[in-house]
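A short write-up of the structure that comes next.
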Amino acid sequence: MMEMEGAILFLVLIALASVARGQTNCAAGKMARGNSCYDCEAGKYGTDGASCGDCPLGKYASSRGSSECSQCSRGYIADTAGTIMCDAC
């Protein structure tokens, strides 16, 4: 229980620090640019609302605004980072 409270307090402090610096807080799957939030592009994902990164090998994101990448189904592969779909092996 104390670990959860500590984690929540940590996140609140980070959010307050961002507001104090004038940064825009965006939801997961989005990234901040100036005072606006933009969806992560297809093939990318964002977990912190600040930036987006390529989906790693073996995973994909077929739509904009993804907060996580999906694993390719059995018999399919994503052999490049930042892909939007898996190809048959």
Side-chain angles (χ1 to χ4, degrees):
M1 184 69 163
M2 291 297 288
E3 289 179 14
M4 176 72 89
E5 290 172 352
I8 291 171
L9 178 60
F10 178 73
L11 292 174
V12 168
L13 290 174
I14 288 175
L16 290 173
S18 294
V19 170
R21 288 192 306 254
Q23 294 178 346
T24 301
N25 291 320
C26 301
K30 297 184 180 294
M31 61 185 256
R33 282 192 197 144
N35 294 326
S36 299
C37 295
Y38 297 90
D39 285 342
C40 294
E41 298 290 327
K44 299 182 181 293
Y45 72 107
T47 58
D48 60 7
S51 63
C52 301
D54 286 342
C55 289
L57 297 177
K59 295 189 175 190
Y60 70 100
S62 60
S63 60
R64 298 171 58 92
S66 294
S67 60
E68 61 185 11
C69 300
S70 300
Q71 185 72 41
C72 293
S73 299
R74 185 179 204 119
Y76 290 83
I77 188 170
D79 58 359
T80 57
T83 192
I84 62 171
M85 60 186 252
C86 299
D87 296 316
C89 293

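Predicted model, so just to flag it, every value in this text is computed and none were measured.
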Item to check | Straight-line distance of Leu57 CG to Cys69 SG, nearest 0.5 Å | outcome: 11.0 Å
Checklist entry - With a 4.5 Å limit on heavy-atom distance, are the side chains of Tyr45 and Cys40 in contact? => result no
Checklist entry - Residues two or more places apart in sequence or in another chain: which of them pass side chain to side chain contact (heavy atoms under 4.5 Å, CB included) with Ala32? => result Thr24, Cys26
Checklist entry - Under the side chain to side chain contact (heavy atoms under 4.5 Å, CB included) test, which residues partner Ile77, sequence neighbours left out? => result Asp79, Cys89
Please list all pairs meeting salt bridge (Lys or Arg N to Asp or Glu O under 4.0 Å) that have one or both residues in [range], counting only residues at least two apart or in different chains.
{"range": "residues 26-37", "answer": "Lys30-Asp39"}
{"range": "residues 46-57", "answer": "Lys44-Asp54"}
{"range": "residues 58-75", "answer": "Glu41-Arg64"}

Item to check | Residues clustered with Ile84, ILVMFWY side-chain links under 4.5 angstrom | outcome: Met85
